[in-house]
Every structure is written in C-alpha cells, then in structure tokens.
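For reference, the structure is listed below as structure tokens.
Hydrogens, waters and symmetry mates are skipped; everything else that's a heavy atom, side chains included, is used. Here is the naming used below: chain letters follow the sequence lines, and residue numbers restart at 1 for every chain.
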2 protein chains.
Amino acid sequence: MRTIDWVDGCPQIVDQTALPDDVRLVSLSTVDAVVDAIRRLAVRGAPALGVAGAMGVALAAKLGSDVDDAVRRIRAARPTAVNLAWGVDRAAAYLPDGPEAVLAEALAIRDGELAASLEMGRRGGDLLQELAGEHIRVLTHCNTGGLATVEYGTALAAVRSLYERGCLAEVLVSESRPLLQGARLTAWELGESGIAHRLIADSAGPFLMARGQVDAVVLGADRICANGDVVNKIGTYAHALGAQAAGIPFVVVAPESTVDVATKSGADVDIEDRDGSELLEFAGRHTAPYDTVALNPAFDVTPYALVTAIVTDARVIRLDRGDRL
Amino acid sequence: MRTIDWVDGCPQIVDQTALPDDVRLVSLSTVDAVVDAIRRLAVRGAPALGVAGAMGVALAAKLGSDVDDAVRRIRAARPTAVNLAWGVDRAAAYLPDGPEAVLAEALAIRDGELAASLEMGRRGGDLLQELAGEHIRVLTHCNTGGLATVEYGTALAAVRSLYERGCLAEVLVSESRPLLQGARLTAWELGESGIAHRLIADSAGPFLMARGQVDAVVLGADRICANGDVVNKIGTYAHALGAQAAGIPFVVVAPESTVDVATKSGADVDIEDRDGSELLEFAGRHTAPYDTVALNPAFDVTPYALVTAIVTDARVIRLDRGDRL
C-alpha cells in the first residue's frame, strides 16, 4: 500500500488522521482538498509532502483554472519541511510543457522517493550495525516509516533493514505529542510488520538512554541545513541531548531532497507554531482547563554538533568525524 | 482548600484524578481506601503523600484491627517517593501510645508541611530572583502546587512568591505525560490564581530553553539522595539537560522530608514502572493500536551535577557552587 499515489486522475492518500482506527483512502480531486490534506496532516512526512506537492501541481495543471494561484497555495500549506516547496517547484517547472509533462515529473518524484527509501534503508542499516553491533535497541521519534514517504520510510527503513538482517533487538517508540505520530503511526507500522516495539512517553527517552536501555537513536528530518543542523519534529533536540549525555549514536536518516543548502543554519528556519488545540484536546476531551492557552512549536532545531551522522539515499555524512554537507 | 486533611474522623482528600473537570472531596474511611487512593494517584505529590501515609496510620490505629499489616500496606503503596514511608514511620512510632497520639503526630506532620511550604516559597522566590532577575519566565514540570502538598506547594510556592513580588513574567507548564499533572493540575492551580501561563508539550521544553524563551527551570522532587541526585517525575532529567545546554538555572524545591541521606545516589533508588495503560489510554480512547505494549517509568534520576540548587524549608544548597547536602 502506498501512502500517496496518482489514482484515476488525481492524488490518492491514506488519511493519517484516521489511523490506527481506520485505514481510509481519500481521493483529492480539488486543489483545496490537497491544501487541506497537507494542512491537517492527513498527508505528512517530509518525503511524502514532496510527492503531495508535485501531484498537487499536476492536479492544478490538469484542472487548468488559476494555476499560478494554486501553485502558490500548495507551496505555502506548511512552512517547515523543505520537501513540499521542492516538489511543488520541480513539478511547476514543467507547466509550460502542459499537464502531461507536469504529471510525468510528479510520478518521477514518486518513483525517486521509492528508490531513495530503499537506498536509505540499506545505508542506514549498514551504519547502525557498524556503530551499535548485532543486537540493537533503537529509539525512534515521530513517524518516519512508509507513512512518511511513499513506501518503506526513512529512519524506519533503516530500522526495518536491521530487522531483516536479524540485528534488531527492540524499537522504543516515543509517542510524539501532541499529535501522537509515534503512538498512532509508527507503532501501527511496526505492529503490522511484526517488529518488537514498546511505546514510551517522549520525556522518558533521555532517561532510558542514561539507564543503558538504548543503543542508538535514529530518526528523520524535515529540513537539513547547510551546516548540518537538523530541523525535525519537536522533541528531536531533547533526544539528541540525551544521546550525547549517554554517549550513544544519534543518526538522522532523510532523502537528499531534505537537504537545503540554501539555508545556512537552523536559526534561519521558520519554525511552524501550530494551533494550541492540538495539545489541549484529545478524543474530544480537554487535557487542561477549558481556558488554557498553549504554545505549540511543531519542530525544533538540533545543532549539528549533537548529530553523529546524516544518512541520505546518496551518502553517509559522519558529522562526528568532521564530515560536512 | 486543603488537598488532604483530617475531617470527621478520617482522612479527606481532593480526588486529583477528577480534576480539572470536578473538584471532588473524598473521605477515606478504610485502610483499603487509603491504599487505593495512593496507588491510583487520587492523592499524589511527595509532601502530600507524607501526610497521607501518616493519616492512613492514624486511621488504622483508630480502626484497630491488624494495624501492623495496614502500616505495611500503606507504606508499600508507592515505592519511589521517600515521604510516604517517612510519614508512615513517623506516625507508626506512636502506635504504642494509642490512637490519639498517632493522630496527633499525623496532624503535626500536616502542620509541618504547611509551614514548610511557606518557607520554601520564600526561599525559592529569593533564589530565583537572585539567579534570574525581576521579569522571569519560568518553566515547570508536573505538579508541585498546593495539590502536591497540603496547601501552597513546593516549586509552585516559589513561583507564586515571584508572582506576589511582581517578578514573574510567565510560567510555561509542561503537560507531564502520561498522567498530565501539568495540564490537569498545574494549569488549573495557576488559572485559579490568575497567574499567566501557557501549556507546552514535554518534549518542547529543551528547545524553548535553547531558543531563549525560558529564564529558569523550577520543579520538585520525590526523593533527594545523599549526593544530591534528584529523583522526580519522568521528564525532569530531559529538562535538566536542556537547562544545562542553555545555561539557565535548574532549581529543585522540596521539603527536608524529601531529603533521604540513607540513599547514597540515584542509582540506589527503586524507580516505579507504572502500568502501560496510563500511556495507552486517554479519555477511554486508545492512543496506539490495541495490542501495543508500553514501557512507563514514572520517575527519572537527575544527576546532581545538572542541578543549580536545591531549596528546602530549612536551607538553600548551591550544588553549582560545591555545596553538598
């Protein structure tokens, strides 16, 4: 099953807000539907957003009315992940050649992400085995599996590769508040694959590392800056501090399309503050008194000095050894 | 309103599992009810647990059947906070003198905690003002307010003291998964007092510190070891790592009854692993697929080297300056 694909003339996604209760396929037949799906995280994950952006442009080109405005709105639906703008721009470059050419480019991006996932899995598995041995207890954050890409995943593809080699002892999955991508999506993906895992509170990770229960941290990225700073799901930085204190590897796995050499460092990235209701409501119930206000940064910045290595579909950058992008 | 008191011949508590929706007073008329209230966190917070333990023994002495077994069961209801055993032992020492003497000791412990809260508030406020100035943005974790004590609180008493001095800019309240004591209890207490606050995800704290949005971290302790290691709600250690990286003060406020010189270091403390359902269920809904397993350590250990100072009702221990307990 693909997280996003082009089916019957429009993008089709697995609605990730309905998981794990429902596996719901949704056809996005209008530009508004594409923008809305991206905004409400029905489709999410940096690589999948690249494909969604490109397919959104292909849809706009096919529908034909006010294409420039549609491109602008899709591109701006979420600000932090570089892949969305990247996918939109790549597809939009073919607009002068007609809708067929735009769609061909969107499908090429999809196929490129599929190939990249397999390559990241292999390279990431190799590196983790080299760094942490043959019986690895991995901690991961948020969702970086097939649901964040088209299939397979980024960091979770590397975990899956360890599993296939017989080198994976266990995955600790941080729940990833506020939207619980770890609990809802990663636990679901690992369960479907029969991979041993346990859910933990986000704030337990650093302590479990200190107690010797984690051999390596592996997670994804929404944007990798020119200096190696990693912008990723809120909580990534706290996990990186924990890994540094425990002396265990902290590995980031993301496709080349997430590398943004035009952005010098994490300080230059627009961090998306999302609505407080994400934190204040769950399953229709308030988590706090009715009039409570929340501060809800959706991402954080992990300085490159805390990152052992960045694994892409094309290379392994050992920041701990002085390699640079 | 007192979190716990002796009313009409038995302990009466505010049931904290019902907050913030309901303010429900519950009379604990049997030893089983006391043990159950402690286990399910209807009464919680290290100082309040000390009073609950002592009043539980007073109740057992009054009821008169199988007192030794009752004392043992109350003492073992939760393993991590030292105050519970301390309160039980202090009251139980008066058993040979009869039920009236035991009750008198339990009431003395209650009154001692009330006085200690006021003292901690004053000393903590003084220290925070000295360390962080006249316009302080504080981050706190879990609940250390009146609900964790009898009235006033520990760390939150210090925050309240800053507020009364006009030196408090804002309180960032981490929600404190899995049981949301920050969201449910601290946000409620601050709201009732009209103190400006915003709720954040637990994993956002270290990033907000790095971004310069926090001037000091102040929180409580369930046990302070002889070497200064602090055992407290899971997530405390991650916040301490964040504070160290950001170069801001990390202040622990707790009564002398929480200091446990008999325990050498955090490595010697039995950390309570609580049931995974706390993480896996919220408001009757699953947060993860049905068959997911969770690892749920309720506390963590913060090494003394990460702690700027410990404030008690009797002293300020500047660990950052080499002071020791």
Side-chain angles (χ1 to χ4, degrees), chain A residues 19-21 141 172-178 180 182-184 187-188 191-192 197-208 210-211 213 233-239 241-242 244-245 271 276 279-280 282-297 299-303, chain B residues 19-21 141 172-178 180 182-184 187-188 191-192 197-208 210-211 213 233-239 241-242 244-245 271 276 279-280 282-297 299-303:
Chain A
L19 284 172
D21 298 330
H141 187 55
L172 293 178
V173 178
S174 62
E175 59 174 355
S176 310
R177 286 283 292 155
L180 298 169
R184 293 190 301 109
W188 181 74
E192 293 285 305
H197 63 284
R198 283 187 288 177
L199 193 71
I200 61 171
D202 298 322
S203 75
F207 173 60
L208 293 170
R211 209 160 66 163
Q213 291 181 254
K233 178 59 52 196
I234 190 74
T236 300
Y237 170 61
H239 282 109
L241 289 174
Q244 183 193 45
I271 298 291
L279 204 64
L280 295 164
F282 179 78
R285 284 264 310 258
H286 287 279
T287 62
Y290 181 70
D291 54 356
T292 306
V293 172
L295 173 62
N296 184 25
F299 301 91
D300 62 23
V301 176
T302 299
Chain B
L19 285 171
D21 297 330
H141 188 54
L172 293 179
V173 178
S174 62
E175 59 175 354
S176 309
R177 288 282 290 153
L180 297 168
R184 291 191 300 112
W188 181 74
E192 293 285 304
H197 62 284
R198 284 188 288 178
L199 192 71
I200 60 170
D202 298 322
S203 75
F207 174 60
L208 294 170
R211 210 160 67 164
Q213 290 182 254
K233 176 60 52 199
I234 191 74
T236 300
Y237 170 62
H239 282 111
L241 288 174
Q244 182 194 45
I271 298 291
L279 203 65
L280 295 164
F282 179 77
R285 283 266 308 259
H286 287 279
T287 62
Y290 180 71
D291 54 357
T292 305
V293 172
L295 174 63
N296 184 24
F299 301 90
D300 62 24
V301 176
T302 299

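Interface check for chain B: of the options G235(A), A294(A), P289(A), the most heavy-atom pairs under 4.5 Å are formed by P289(A). Chain B forms more heavy-atom pairs under 4.5 Å with one residue of L180(A), V301(A), N296(A), D291(A) than with any other, namely V301(A). Interface check for chain A: of the options G242(B), A283(B), G182(B), G276(B), the most heavy-atom pairs under 4.5 Å are formed by A283(B). Per-residue heavy-atom pair counts under 4.5 Å with chain A were compared for L279(B), T302(B), D202(B), T292(B), and the maximum is reached by L279(B). Comparing G191(B), S174(B), A204(B) by how many heavy-atom pairs each has under 4.5 Å with chain A, the most go to A204(B).
With a 4.5 Å cut-off on non-hydrogen atoms, Q213(B) touches chain A through its side chain but not through its backbone. In this structure, chain B has a heavy atom under 4.5 Å from the side chain of L208(A), while its backbone stays farther away. Contact annotation for P20(A): only side-chain heavy atoms (C-beta onward) come within less than 4.5 Å of a heavy atom of chain B. There is no contact between L19(B) and chain A, counting heavy-atom distances below 4.5 Å. Of the two parts of F299(B), only the backbone, made up of N, CA, C and O, holds a non-hydrogen atom closer than 4.5 Å to a non-hydrogen atom of chain A. Heavy atoms of H239(A) lying under 4.5 Å from chain B are absent altogether. Proximity to chain B (any heavy atom under 4.5 Å) is shown, for F282(A), by both the backbone and the side chain.
Under the salt bridge (charged side-chain N to carboxylate O under 4.0 Å, His left out) criterion, R184(B) pairs with no residue at all, not counting sequence neighbours. Remark: S203(B) engages no residue in a side-chain hydrogen bond (donor to acceptor under 3.5 Å, both in side chains) (not counting sequence neighbours).
Side-chain contact between T236(B) and H141(B) is present, with heavy atoms from C-beta onward closer than 4.5 Å.
In this structure, CD1 on I200(B) lies 12.0 Å from CZ on R177(A), to the nearest 0.5 angstrom.
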